[in-house]
> 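If you scroll down you'll find the structure; I have some questions about it.
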Amino acid sequence: MAEQTIEGRIYPIGIQSFSEIIEKGYRYVDKTFFVAKLVKESKYVFLSRPRRFGKSLLLSTIQAYFEGRRELFKGLAIDCLDMDWTPMPVLHLNLNSGMYKQPGGLERRLRSFISRYERLYGIEPQMEDDVVLRFEALIGGIYDKTEKRVVILVDEYDKPLLELDDNPQLFEDNQALLKEFFSNLKSMDDCIEFGMLTGVARFSKVSIFSDLNNLDDISMYEQFQEICGWTEDELTSNFRDGIEELASKRNETPEQTVKELRNYYDGYLFSEGGNRLYNPYSVMKALHSQTIKPYWFESGTPTFLANRIKKEGIEPESLNGVTQSYSELIAVGLGTVNVIALMFQTGYLTIDSYDARRQLYTLRFPNREVEAAFAQNLLPLYVPSINDINGRFNLTSFKDDLYHGDPDAFMERLKAFFKDLPGEDHKESTYRAITYLLCLLSGTDAISERHSYKGRSDLEVLTPDYVYVFEFKYNKSLAEAIEQLYERDYAGRYDKDKRKVFLIGANFIENKDVRRLEYQIVGRDH
């Protein structure tokens, strides 16, 4: 076991302070080259990245640079570059902390922020009830006292907006206040050295971005693709000891462990090119706990996203492979929210490929961890009993059925599952979506509407030893489903696959008197 692990000073889980990480000897992946590039080339910057992706640490690093704390950067990339280490006054506003679901919450948070720096710089509060004018006076007062331009860093600017889908009036109030508050970045330009906002979503309707036409959104710039998150080279070079320790516990080679880490936590791409990225938080949790499993549930995801998908009738399985233009991906509003754009910005979807001719991005789930988080948030909206405290539906049993090659048990369990589906007059898409989400939660590779030379299969579920090919019907006939499986040869792609293949025809029968699932399973051996 590595000595650093014994001391507890290897993985800075939950630590977002650059100075603490350096001073206490935690492992740090050097991103200071990007900090140097950013502060040299830009004045006002916006960066969107999913939660737990390193935005707060990035801002802390930028703060340490502008405070002139060069001793913290010894041996790092920026230390070798020609930089100006003159200390500057820094105002750091973290909107991630604060309660915003009640009126006045945002204003209280802003007032607390301003009061702290008024005390720090000995500035007498003016216009105490107007946080917008107080912020303007604070910037000007610091500039006059220090004769130095001010640096303004804002972490998670969108937190006061993200959970207000069910409160349009408060959303509008908060967006109006943010618009006025951040307009100081433009009106006080002569007193400002550098400004940066980070967040998850780019709310186009807030007008903060339209008013701040000097704000450079670098979220999809290829040259800043790696500013947050870790490449695989960064992972293996900085955490080789942790990987070897985990591999030993799992009784496998380090290369096999890296492959599994890649399947769970890698895959994020925010530009047309560059290296794909790992989620730093999840990787550190896996190495620290010596267990590879989904940790994204702990990161806090916007609940209204799942509600929107269900409310708007979006088929969950259709999201994996959806296409969007650049203008669609960067715009998020409340009333006319683009669910796809929000899923991209929150990290549920990432860029899979880019068609330069059509200027379209194809998006997919980045990894298994995100697939599990997506299904975990969405499935209870279809079947509330999934969260039954009595545990009548054991998801582990579904997983065991699929991994042990027992489709009969899986389908029988599915029968019972659908009996608890609330409401009536469902569609084939509802049953298909639930089956798809259950398979995702079971840790399988679930592929919806996969193209073949004769058509598209409804669902293909892959495990290391078995393949399940589904054809779903609704109030039709089971024979029709089986016939389509054979006639269109959906399983033909697995002819040379060593895994056992099951063809499963399913017909959902539903009317005012009955709801039942009938199915037939046909084994396809090689």
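The figures that follow rest on heavy atoms only: side chains count, while hydrogens, waters and symmetry mates do not. Small disclaimer: the values here were computed from a predicted structure and weren't measured.
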> Ring centroids only, cut at 6.0 angstrom: are Y265 and Y278 within range, meaning strictly under it?
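Ring-ring flag for Y265/Y278: false, centres at least 6.0 Å apart.
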> Below 30° counts as parallel, above 60° as perpendicular, anything between as tilted: where do the rings of Y11 and H288 land?
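Perpendicular.
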> Step by step, work out the side chain to side chain donor-acceptor pair (under 3.5 Å) result for R109 and S97.
CA-CA 8 Å; R109 181 72 185 114; S97 57; 3.3 Å; yes
> So, T231 versus R276: side-chain donor-acceptor pair below 3.5 Å or not?
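Not at all, the side chains of T231 and R276 share no donor-acceptor pair under 3.5 Å.
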> Can you list the steps and then say if E156 with N94 is a side chain to side chain donor-acceptor pair (under 3.5 Å)?
CA-CA 7 Å; E156 306 288 4; N94 183 2; over 6 Å; no
> With rounding to the nearest 0.5 Å, note down the distance linking OG in S353 to CG in L363.
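If we round to the nearest 0.5 Å, S353:OG and L363:CG are 8.5 Å apart.
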> Hey, is the main chain of L58 close enough, under 3.5 Å, to the side chain of S60 for a donor-acceptor pair?
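No; zero donor-acceptor contacts below 3.5 Å.
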> State, without any angle test, whether Y490 and Q484 hold a side-chain donor-acceptor pair at a distance under 3.5 Å.
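A pair is found: one side chain offers a donor N or O, the other an acceptor, under 3.5 Å apart.
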> Working to the nearest 0.5 Å, report the span between CE of M343 and CD1 of I314.
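CD1 of I314 is found 8.5 Å from CE of M343.
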> Are E234 and K31 within salt-bridge range, i.e. N to O under 4.0 Å?
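Yes, this pair counts.
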> Less than 4.5 Å apart, any side-chain heavy atom of D445 and any of V461?
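In short, these two side chains do not touch, never coming nearer than 4.5 Å.
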> Can you confirm whether or not the ring centre of F470 sits under 6.0 Å from the ring centre of F472?
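Judged by ring-centre distance (under 6.0 Å), F470 and F472 do meet the cut-off.
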> Against N279, only a single residue in Y295, W230, Y264, Y268 fulfils side chain to side chain contact (heavy atoms under 4.5 Å, CB included); can you say which?
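Only one option passes, and that is Y268.
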> Surrounding CZ of R516 (heavy atoms of other residues, nucleotides or ligands, distance under 6.0 Å), is the total greater than 12?
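Result for CZ/R516: open.
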> Would you check if the side chain of K55 reaches a backbone N or O of R49 as a donor-acceptor pair within less than 3.5 Å?
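Yes.
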> Is a donor from one side chain sitting under 3.5 angstrom from an acceptor on the other, for T444 and S442?
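Distance-only check fails for T444 and S442.
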> Is there a side chain to side chain contact (heavy atoms under 4.5 Å, CB included) between K37 and F224 once you walk through the steps?
CA-CA 9 Å; K37 183 176 178 63; F224 290 110; 3.9 Å; yes
> Would you check if Y44 and D216 make a side-chain contact, meaning some heavy-atom pair closer than 4.5 Å?
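No. Closest side-chain heavy atoms not under 4.5 Å.
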> Look at K415 together with E412 and state whether they make a salt bridge at an N to O cut-off of under 4.0 Å.
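Looking at K415 and E412, the cut-off is met.
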> Can a donor-acceptor pair be found between the side chains of D173 and Q169 at a distance below 3.5 Å?
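Side-chain D/A pair, D173 to Q169: present.
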> After noting the C-alpha distance and the side-chain angles of L162 and F171, does the key distance pass the side chain to side chain contact (heavy atoms under 4.5 Å, CB included) rule?
CA-CA 9 Å; L162 269 176; F171 182 97; over 6 Å; no
> Can you tell whether the side chains of E260 and R262 come within less than 4.0 Å, N to carboxylate O?
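Between R262 and E260 there is no salt bridge, as every charged N stays at least 4.0 Å from the carboxylate O atoms.
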> If we check salt bridge (charged side-chain N to carboxylate O under 4.0 Å, His left out) with E317, which of these qualifies: R432, R450, R364?
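Among R432, R450, R364, the one meeting salt bridge (charged side-chain N to carboxylate O under 4.0 Å, His left out) with E317 is R432.
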> List the steps, then state whether ring-ring contact (aromatic ring centres under 6.0 Å, His included) holds for F398 with Y403.
CA-CA 9 Å; F398 282 104; Y403 274 81; over 10 Å; no
> If you draw a 6.0 Å radius around CD in E252, do more than 12 non-hydrogen atoms from other residues or ligands fall strictly inside?
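Check passes, neighbour count above 12.
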> Drop me the distance from E460's CD to C439's SG, to the nearest 0.5 angstrom.
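It is 12.0 Å, given to the nearest 0.5 Å.
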> Below 4.0 angstrom, N of the basic side chain to O of the carboxylate: do K500 and D465 qualify?
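Salt bridge: no.
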> Ignoring hydrogens, what is the shortest heavy-atom contact between T236 and I243? Give both atom names and the distance.
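Shortest heavy-atom contact: CA-CD1, 4.1 Å.
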> At what distance, to the nearest 0.5 angstrom, does OG of S219 lie from CD of Q225?
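Spacing of OG (S219) from CD (Q225) equals 11.0 Å.
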> For T362 and D352, does a side-chain donor sit closer than 3.5 Å to a side-chain acceptor?
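The criterion, which ignores hydrogens and geometry beyond distance, is not satisfied for D352 and T362.
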> Could you check whether E328 and Y361, counting side-chain N and O atoms only, form a donor-acceptor pair closer than 3.5 Å?
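Side-chain D/A pair, Y361 to E328: absent.
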> Taking the six-membered ring for Trp, are the ring centroids of Y281 and W296 within less than 6.0 Å of each other?
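No, ring centres 6.0 Å or more apart.
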> Do F508 and Y431 make the cut of ring centroids closer than 6.0 angstrom?
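So the answer is yes for these two rings.
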> Would you please indicate yes or no on a ring centroid separation below 6.0 angstrom for Y157 and F46?
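Yes, close enough.
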> Show the numbers, then the answer: is there a side chain to side chain contact (heavy atoms under 4.5 Å, CB included) between N96 and R51?
CA-CA 10 Å; N96 193 42; R51 297 211 185 283; 4.0 Å; yes
